[in-house]
Amino acid sequence: MSTPEIGSLTPQALEQALISLGQPAYRAAQVFSWIHEKRAQRFAEMTNLPAPLRRELEGRFSLSPVQVESKRESELDGTVKYLFSLPDGECVEAVLMRYRHGDSLCISTQAGCRMGCTFCASSTLGFSRSLTPWEMLSEVYEAERDSGRKVGSLVLMGIGEPLDNLENVLAFLALLSHPKGKNLSLRHVTLSTCGLADKIEELAEKKLQLTLSVSLHAPDDALRGRTMPVNRAYPIPRLMQACRFYEERTGRRVSFEYALIAGVNDSLEQANALAALLKGTLCHVNLIPVNEVEETGYRHSGREQVFRFQRALEGQGIPVTVRRTLGADIEAACGQLRKSRLQAAQSSPGG
Ligand code: SAH
């Protein structure tokens, strides 16, 4: 069995671990600060700990961060896409984007995904495993270290379904927002879900100040059931009930993602059906022309169609943003880089 990851431990768990090694409690704060504030990469760097303790920790815990396996930088907008490898050889992606208000990082929460959305590159390769709290944190720390930039906001919109890994995601968020660590306010965090309604309700009960973003992509059950298999388990009325519950419990408005696919979900009737569905809820819609993934055969809607769709929603009082496409030249859509890497490994004789 592999050794436990010290970076996944809460301050309390770390304290218990050190006390059980016969150490005074204050050592826990020192170790926590080395990992989460000073971002030490090895126990040997923790110079205010006695050398025997450093060796003991080395033997009992792992501190392996994710490693930058490759990266691509967009010449269009400075977006950096990372392919990170995990200690067991799995790989995930993260994308660092520049905005006027600061840098935003999109991270993966699982290696692969079980949700099977038909338009998504992550679905085509199946699911390996969920990421640990430390692996998610380490995506943030490594992106900051490598780029020399500071992550000011975070989106859980990379590979994987965060609510299919809720326990680890909650532990990760607690560490990420800890005042003695990265100290990122959860107001700067967005969690995106394909719509696991019961998990949305479980998250709502935690009353966190993060933004919930729901990937809707269709205004009716018939279409959504075809493009997003999750809809068969949680049809739209059930999903909307969970969204209202989230809004009630947290006081936060829910965002809805809608990727426009030409001739599939981008008609004026569908815009009106979407408006009718969302009317009266405290919401926000993000429209994005679908990123074209080879196998899916889907094409993104043209500018005109996007504009018409937007106008129809706005005309009915629904707040809408059309998302800019960032990193279009570097396969920045989620799952694309991992897919290229795995496909290259499959087709090379040695891999
Ligand atoms: N599983 C979560 C988060 C990961 S996907 C979720 O479903 O929300 C992040 C976002 O990208 C989701 O809104 C997802 O529907 C969207 N997405 C996936 N493939 C896409 C594509 N080819 N074009 C545009 N958006 C896509």
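Keep in mind that the numbers below use all heavy atoms, side chains included, and drop hydrogens, waters and symmetry copies. Since this is a predicted model, take the numbers as computed values, not measurements. All ligand and atom numbering here is 1-based and tracks the order in the structure.
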Self-check item: Heavy-atom side-chain proximity of Thr227 to Thr118 below 4.5 angstrom
Solution: yes
Quiz item: If you measure every N/O of His217 against every N/O of ligand 1, is any gap under 3.5 Å?
Solution: yes
Practice problem: Applying ring pair (Phe, Tyr, Trp, His ring centres under 6.0 Å), run through His217 and Phe119 and close with a yes or a no. | Solution: CA-CA 10 Å; His217 306 316; Phe119 43 80; 4.9 Å; yes
Quiz item: Mind checking whether Ser213 has a heavy atom under 4.0 Å from ligand 1?
Solution: no
Practice problem: Quick one: sort the Phe32 and His36 rings into parallel, tilted or perpendicular, breaks at 30° and 60°. | Solution: tilted
Quiz item: Do Lys199 and Thr193 touch side chain to side chain, with heavy atoms closer than 4.5 Å?
Solution: no
Quiz item: For ligand 1, which atoms have a heavy atom of Gly160 less than 4.0 angstrom away?
Solution: 1 (N), 2 (C), 3 (C), 4 (C)
Quiz item: Under 4.0 Å from any heavy atom of Cys120, which atoms of ligand 1 are there?
Solution: 18 (C), 19 (N)
Self-check item: Mode of Glu257 contact toward ligand 1 - side chain, backbone, both, neither (heavy atoms, under 4.0 Å)
Solution: side chain
Self-check item: Cationic N near anionic O, under 4.0 Å, Glu247 to Arg253
Solution: no
Quiz item: Out of Tyr258, Phe119, Phe256, whose heavy atom sits nearest atom 26 (C) of ligand 1?
Solution: Phe119
Practice problem: Using a strict cut-off of 4.0 Å, indicate which atoms of ligand 1 neighbour a heavy atom of Cys194. | Solution: 6 (C), 7 (O), 8 (O)
Quiz prompt | Where ligand 1 meets Glu161 - atom numbers and elements under 4.0 angstrom, heavy-atom basis | solution = 1 (N), 2 (C), 6 (C), 7 (O)
Quiz item: Between Asp77 and Arg98, is the closest basic N to carboxylate O distance under 4.0 Å?
Solution: no
Exercise. Mark up the atoms of ligand 1 that fall under 4.0 Å of a heavy atom belonging to Asn291, in ascending order.
Key: 21 (C), 22 (N), 23 (N), 24 (C)
Quiz item: Between Ile288 and ligand 1, which residue portion shows a heavy-atom distance shorter than 4.0 Å: side chain, backbone, both, or neither?
Solution: neither
Practice problem: Would you mind listing which atoms of ligand 1 come within a distance below 4.0 Å of any non-hydrogen atom of Val293? | Solution: 22 (N)
Practice problem: For the residue pair Glu45 and Phe43, establish whether any side-chain heavy-atom pair is separated by less than 4.5 Å. | Solution: no
Quiz item: If hydrogens are left out, which of Gly195, Ser192, Gly158, Cys113 has an atom nearest to atom 4 (C) of ligand 1, that is, the closest non-hydrogen atom?
Solution: Gly158
Exercise. Determine whether Thr3 and Arg60 make a side-chain contact, defined as any pair of heavy atoms from C-beta on separated by less than 4.5 Å.
Key: no
